[in-house]
Trainee: 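Got a structure for you, questions after.
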Amino acid sequence: MILYHGSYLKIAAPDLTHSRPNVDFGRGFYVTPLYEQAAKWCHKFKRRGKDGMISRYSFDENRRFTLKTLEFASYSEDWLDFILTCRSGKDNTDYDLVIGGVANDKVFNTVELFFDGLIDKTEAINRLRYEKPNLQICFRTEKALKLLHFEGSEIV
């Protein structure tokens, strides 16, 4: 499987040191199998006057089963609960890999309304049901990162 990471620089050796806390699936290195999604991740850097850089990695999907993995097939109550836990800094799970939908702008707005108590969980899930999930994969441990192999990068 080929995976992509959108940034402003080439990342030949991903690490967890530079990852941010309190994001969708917690601290980790985020990639996607969708080139277009990685290109969208680059846009925020391009708006700041930097180059957009997509790094490409190979990942043997069969090796994934050696990792403790949490996968969300769709936006769901479990996905929403996990995002809330991670974004609030309360995640204490030990998953190596988390796979699921991206909280893009439209999804993020719904999640924020829920976090702020302006809509309940049922309404949030009803709204999310109509969104087509983009896919992100979060490599959360060094064990998982060792299975990701850098293939190259390009400016977008």
Side-chain angles (χ1 to χ4, degrees), residues 1-65 67-87 91 93 95-115 124-141 144-156:
M1 167 188 277
I2 298 298
L3 300 172
Y4 305 97
H5 177 82
S7 182
Y8 63 93
L9 49 84
K10 172 175 81 172
I11 302 178
D15 65 53
L16 299 174
T17 306
H18 295 94
S19 62
R20 296 177 310 160
N22 307 337
V23 290
D24 286 359
F25 295 153
R27 189 177 289 278
F29 185 70
Y30 286 77
V31 294
T32 178
L34 307 170
Y35 183 90
E36 300 79 20
Q37 181 64 40
K40 286 180 186 176
W41 290 343
C42 290
H43 288 307
K44 69 180 176 184
F45 302 109
K46 292 174 88 169
R47 285 191 302 266
R48 297 177 193 158
K50 298 181 180 183
D51 286 332
M53 181 76 68
I54 294 181
S55 295
R56 186 178 64 258
Y57 308 88
S58 61
F59 175 64
D60 182 351
E61 286 183 87
N62 294 322
R63 302 280 310 274
R64 161 182 154 191
F65 300 104
L67 303 173
K68 185 172 181 183
T69 302
L70 176 62
E71 183 169 4
F72 299 99
S74 64
Y75 295 127
S76 64
E77 187 172 330
D78 289 340
W79 175 87
L80 187 59
D81 287 342
F82 192 72
I83 295 278
L84 175 61
T85 300
C86 290
R87 286 190 172 192
D91 175 45
T93 60
Y95 293 107
D96 298 305
L97 202 63
V98 180
I99 304 167
V102 176
N104 63 20
D105 291 342
K106 289 175 78 176
V107 172
F108 183 77
N109 290 339
T110 299
V111 170
E112 285 297 302
L113 289 170
F114 171 68
F115 287 173
I125 297 302
N126 283 337
R127 290 181 182 198
L128 293 172
R129 171 175 54 181
Y130 298 106
E131 295 296 328
K132 179 180 180 266
N134 285 311
L135 188 61
Q136 63 186 351
I137 302 171
C138 180
F139 286 73
R140 295 173 26 134
T141 63
L145 279 177
K146 288 179 182 175
L147 301 180
L148 199 59
H149 303 284
F150 180 71
E151 298 289 334
S153 62
E154 65 183 72
I155 295 176
V156 292

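Values reported hereafter were calculated over all heavy atoms of this structure, with side chains retained and with hydrogens, waters and symmetry mates removed.
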Trainee: Go through it in stages, so that I can follow the logic: the residues are Phe29 and His5, the test is ring-ring contact (aromatic ring centres under 6.0 Å, His included), and I'd like the CA-CA distance, side-chain angles, deciding distance and then a yes or no.
Mentor: CA-CA 9 Å; Phe29 185 70; His5 177 82; 4.4 Å; yes
Trainee: Quick one: CG on Asn22 to SG on Cys86, what's the gap to the nearest 0.5 Å?
Mentor: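 If we round to the nearest 0.5 Å, Asn22:CG and Cys86:SG are 9.0 Å apart.
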Trainee: Would you say that Val31 contacts Phe59 through its side chain, given a criterion of any heavy-atom pair below 4.5 Å between the two side chains?
Mentor: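 A side-chain contact under 4.5 Å is absent here.
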Trainee: Quick one: pull up OH in Tyr57 and CG in Leu147 and give me the separation to the nearest 0.5 Å.
Mentor: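 The OH atom of Tyr57 sits 14.5 Å away from the CG atom of Leu147.
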Trainee: Does Ile83 reach the side chain of Tyr75, with side-chain heavy atoms less than 4.5 Å apart?
Mentor: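 Answer no - side chains too far apart.
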Trainee: Once salt bridge (Lys or Arg N to Asp or Glu O under 4.0 Å) is applied, what residue pairs with a partner in residues 41-64 remain, sequence neighbours excluded?
Mentor: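 Residue pairs with at least one partner in residues 41-64: Arg64-Glu71.
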Trainee: Tyr95 side chain to Phe139 main-chain N or O, any donor-acceptor pair under 3.5 Å?
Mentor: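 Checking the backbone N and O of Phe139 against the side chain of Tyr95, no donor-acceptor pair under 3.5 Å is found.
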Trainee: Which atoms form the tightest heavy-atom contact between Phe72 and Leu70, and what is the distance?
Mentor: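 That closest heavy-atom pairing would be CZ-CD2, 3.5 Å.
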Trainee: Is Thr93 reaching over with its side chain to a backbone N or O of Asp91, donor-acceptor style, under 3.5 angstrom?
Mentor: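 Not confirmed, Thr93 side chain does not pair with Asp91 backbone.
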Trainee: Which heavy-atom pair separates Gln136 from Gly101 by the least distance, and what is that distance?
Mentor: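 Residues Gln136 and Gly101, closest heavy atoms: NE2-O, 3.2 Å.
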Trainee: Do the ring planes of Tyr35 and Tyr4 sit parallel (below 30°), tilted (30 to 60°) or perpendicular (above 60°)?
Mentor: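 Answer is perpendicular, since the angle exceeds 60°.
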Trainee: Determine whether Asp96 and Arg140 satisfy the following criterion, side-chain contact (heavy atoms from CB on, under 4.5 Å), listing intermediate values before the conclusion.
Mentor: CA-CA 5 Å; Asp96 298 305; Arg140 295 173 26 134; 6.0 Å; no
Trainee: Please name the pair of heavy atoms, one in Phe115 and one in Leu84, separated by the smallest distance, quoted to 0.1 Å.
Mentor: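 Heavy atoms only, the tightest pair is CE2-CD1, 3.1 Å.
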Trainee: Rounded to the nearest 0.5 Å, what's the gap from CG on Leu3 to CD on Glu151? Could you check?
Mentor: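 Interatomic distance, Leu3 CG to Glu151 CD, rounded to 0.5 Å: 10.5 Å.
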Trainee: Between Thr110 (side chain only) and Leu128 (backbone N and O only), is there a donor and an acceptor less than 3.5 Å apart?
Mentor: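 Side chain of Thr110 to backbone of Leu128, a donor-acceptor pair under 3.5 Å: no, none is there.
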Trainee: Main chain of Ser19, side chain of Arg27: is a donor-acceptor contact present, judged purely on distance under 3.5 Å?
Mentor: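 Yes, Arg27 side chain to Ser19 backbone: donor-acceptor pair under 3.5 Å.
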Trainee: Are the side chains of Ile11 and His18 in touch, meaning some heavy atoms are under 4.5 Å apart?
Mentor: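 No. Closest side-chain heavy atoms not under 4.5 Å.
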Trainee: Using side-chain heavy atoms (C-beta onward) and a distance below 4.5 Å, is Ile54 in contact with Cys42?
Mentor: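 Heavy-atom side-chain distance check passes, below 4.5 Å.
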Trainee: In the structure I gave you, are the side-chain heavy atoms of Trp79 and Val111 within less than 4.5 Å of one another anywhere?
Mentor: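 Yes, side chains in contact.
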Trainee: Find the distance between OG1 (Thr32) and CH2 (Trp41) and round it off to the nearest 0.5 Å.
Mentor: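 It is 5.0 Å, given to the nearest 0.5 Å.
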Trainee: State, without any angle test, whether Ser76 and Asp78 hold a side-chain donor-acceptor pair at a distance under 3.5 Å.
Mentor: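 Result is no, nothing qualifies.
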Trainee: Parallel, tilted or perpendicular: which one describes the rings of Phe45 and Tyr8, with boundaries at 30° and 60°?
Mentor: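 Ring orientation, 0 to 90° scale: tilted.
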Trainee: If you round to the nearest 0.5 Å, how far is CD1 of Ile99 from OG1 of Thr69?
Mentor: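 Separation between the atoms: 5.5 Å.
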Trainee: Parallel, tilted or perpendicular, judged at 30° and 60°: which one describes the rings of Phe82 and Phe25?
Mentor: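 Ring orientation of Phe82 relative to Phe25: tilted.
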Trainee: Are Leu97 and Lys68 packed together at the side-chain level, in the sense that at least one heavy-atom pair is separated by less than 4.5 angstrom?
Mentor: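 No, their side chains stay 4.5 Å or more apart.
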